[in-house]
Number of protein chains: 2
Amino acid sequence: MSNASLTSLANDLRHACQRVSRRVRFEATAELPPHQVSALWNLQHKTLTPGELAEAERVSAPSMTKTVNCLVEKGLVARADHPDDGRCKVLTLTPAGETVLREVGQVRNDWMAGLLQGLSKEERAVLRQATDLLNQVLEN
Amino acid sequence: MSNASLTSLANDLRHACQRVSRRVRFEATAELPPHQVSALWNLQHKTLTPGELAEAERVSAPSMTKTVNCLVEKGLVARADHPDDGRCKVLTLTPAGETVLREVGQVRNDWMAGLLQGLSKEERAVLRQATDLLNQVLEN
DNA sequence: TATTGTTATACTCTATAACTATA
DNA sequence: TATAGTTATAGAGTATAACAATA
């Protein structure tokens with residue numbers, strides 16, 4: 001593949017991903033602000049300290065304190081003392097948090113499924129392959 | 001294709017697009033805040049009124065007034081009176097605005113091209129097909 | 001009277017700096 | 001002395017309500 005067509009693939013694919021992302025955000029509106037959903041997302045299947053969560057979200061520590069406060073008040077996240085290091089806290093998703101996250105995902109995925117509704121079996125197979133490729137390169 | 005695998009494709013593809021989108025935003029940092037870039041983007045190849053731009057960005061009219069003020073001060077957007085309707089303004093990209101937009105796109109696309117660097121010819125062809133499919137369904 | 005855009009005001013999310021507690 | 005987290009304060013971005021100008 002030529003350099004020119006790599007460039008144009010990169011441009012077009014980036015735009016397509018951003019369009020999907022943008023429309024998911026706008027059309028599959030959640031009951032929670034995006035940054036709170038995003039924070040919850042990071043706590044799926046694992047516990048993190050506030051510092052780790054701030055780093056994952058590329059946000060300052062004080063910002064994350066506020067976000068976490070809000071999520072704790074809503075009962076979506078539990079904040080406990082760290083067993084070994086008294087300076088740290090440990091954040092985990094509560095059952096309510098898991099439920100909210102599941103519901104938000106559901107709305108977004110329903111929207112996405114609607115988008116793909118009219119495609120043929122072959123076209124969906126192409127998208128499946130592409131999805132796997134994207135996830136593969138995103139690991140790096 | 002079964003309903004179950006459509007659902008799982010929708011979920012995985014949505015996540016992949018959002019991951020790309022997020023990493024583009026985080027790693028290909030622009031000199032302009034995202035909402036300003038997004039506003040400029042809408043003015044490519046066309047002129048819009050502030051109201052139209054607000055609607056396109058799903059943002060309130062006063063918010064868009066502030067954003068536009070900022071872009072006008074930076075010399076990236078020109079705001080002129082509407083020729084026919086005295087209530088409206090007309091927004092256009094200035095040459096400086098076009099330059100900024102081109103530069104932002106360049107950085108993001110370079111990042112994206114880097115992501116795709118290691119893929120084979122066949123894998124890239126799959127992504128090209130998938131990109132076209134995505135753009136096709138996004139038209140609706 | 002309805003519409004377009006702006007101004008006034010308030011709320012949320014963000015950041016940097018200062019502070020507290022622990023290592 | 002360094003690190004994790006919080007509190008204090010300020011700066012963007014957003015929204016709703018009120019206003020001015022035009023249709």
Side-chain angles (χ1 to χ4, degrees), chain A residues 21-22 25-27 29-43 46-74 76-93 100 104, chain B residues 21-22 25-27 29-43 46-93 97 100 104:
Chain A
S21 209
R22 182 181 178 76
R25 228 186 75 215
F26 280 152
E27 301 187 21
T29 309
E31 59 276 25
L32 231 52
H35 73 287
Q36 288 183 26
V37 173
S38 200
L40 288 184
W41 181 260
N42 279 283
L43 293 174
K46 58 172 180 275
T47 69
L48 294 175
T49 66
E52 288 166 337
L53 190 50
E55 191 184 1
E57 289 294 304
R58 259 75 154 190
V59 125
S60 70
S63 291
M64 190 47 78
T65 295
K66 281 204 178 180
T67 300
V68 169
N69 283 345
C70 190
L71 292 170
V72 169
E73 275 171 33
K74 288 177 181 167
L76 305 178
V77 163
R79 175 168 39 194
D81 291 330
H82 194 286
D84 305 326
D85 189 337
R87 298 169 303 179
C88 293
K89 300 284 183 175
V90 180
L91 306 174
T92 53
L93 228 48
V100 165
V104 170
Chain B
S21 210
R22 183 182 177 75
R25 229 185 75 215
F26 280 153
E27 301 189 21
T29 310
E31 59 277 26
L32 231 52
H35 72 286
Q36 289 184 23
V37 173
S38 199
L40 288 185
W41 182 261
N42 278 284
L43 293 174
K46 60 173 180 274
T47 70
L48 294 174
T49 66
E52 289 167 337
L53 190 51
E55 192 184 1
E57 289 293 305
R58 259 72 152 195
V59 123
S60 71
S63 291
M64 190 47 77
T65 295
K66 279 202 181 182
T67 301
V68 169
N69 283 345
C70 189
L71 292 170
V72 169
E73 275 171 35
K74 288 177 181 168
L76 305 178
V77 163
R79 175 167 40 191
D81 292 330
H82 194 286
D84 305 327
D85 189 336
R87 297 170 304 180
C88 293
K89 300 284 184 176
V90 180
L91 306 173
T92 53
L93 228 49
V100 164
V104 169

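Chain naming here is simple, since letters A, B, ... match the order of the sequence lines and numbering starts at 1 in each. Computed from a predicted structure; not experimentally measured. All values below were derived from every heavy atom in this structure, side-chain atoms included, with hydrogens, water molecules and symmetry-related copies excluded.
- Distance B/His35 NE2 to D/dG11 C1': 13 Å, rounded to the nearest Å.
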Any protein N or O atoms within reach of nucleotides 20-23 of chain C? Criterion: under 3.5 Å, listing atom names and distances.
unit_1	atom_1	unit_2	atom_2	d
C/dT22	O3'	A/Gly86	N	3.4
C/dA23	OP1	A/Gly86	N	3.0

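- In this structure, CD of A/Glu55 is placed 15 Å from C1' of D/dG5, rounded to the nearest angstrom.
- A search for salt bridge (Lys or Arg N to Asp or Glu O under 4.0 Å) contacts involving B/Arg87 returns B/Asp85, not counting sequence neighbours.
- Here B/Arg58 pairs with nothing under the side chain to side chain donor-acceptor pair (under 3.5 Å) rule; sequence neighbours left out.
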Anything under 3.5 Å between a protein N or O and an N or O of nucleotides 15-18 of chain D, put it in a table, one pair a line.
unit_1	atom_1	unit_2	atom_2	d
D/dA15	OP2	B/Ser60	N	2.7
D/dA15	OP2	B/Ser60	OG	2.8
D/dA15	OP2	B/Ser63	OG	2.9

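- Between the side chain of B/Glu52 and the main chain of B/Thr49, a donor-acceptor pair closer than 3.5 Å is present.
- The side chain to side chain contact (heavy atoms under 4.5 Å, CB included) search around A/Ser63 returns A/Val59, A/Ser60, not counting sequence neighbours.
- D/dG5 atom P lies 10 Å from atom CZ of A/Arg79, rounded to whole Å.
- Per the geometry, CD belonging to B/Glu73 stands 13 Å off P belonging to C/dT6, to the nearest Å.
- B/His82 places its NE2 atom 13 Å from the C1' atom of D/dA23, with the value rounded to the nearest Å.
- Evaluation of the side chain to side chain contact (heavy atoms under 4.5 Å, CB included) rule for A/Ala78 yields A/Thr92, A/Thr94 as partners, not counting sequence neighbours.
- Of the candidate nucleotides C/dT6, D/dG13, C/dC13, D/dG13 has the atom nearest to the side chain of B/Gln36.
- Taking the side chain to side chain donor-acceptor pair (under 3.5 Å) definition, one finds that A/Thr47 meets it with nothing, sequence neighbours left out.
- By the side chain to side chain contact (heavy atoms under 4.5 Å, CB included) test, A/Glu73 is found to be paired with no residue, residues two or more places apart in sequence or in another chain being considered.
- Residues B/Thr65 and A/Cys70 both approach DNA chain C. Their nearest nucleotides, taken by heavy-atom distance, put B/Thr65 toward the 5′ side.
- In this entry the distance linking CG of B/Leu53 with C1' of C/dT6 reads 15 Å, nearest Å.
- Under the side chain to side chain contact (heavy atoms under 4.5 Å, CB included) criterion, A/Glu55 pairs with no residue, sequence neighbours left out.
- When rounded to the nearest whole Å, the span between CG of A/Asn69 and P of C/dT14 equals 13 Å.
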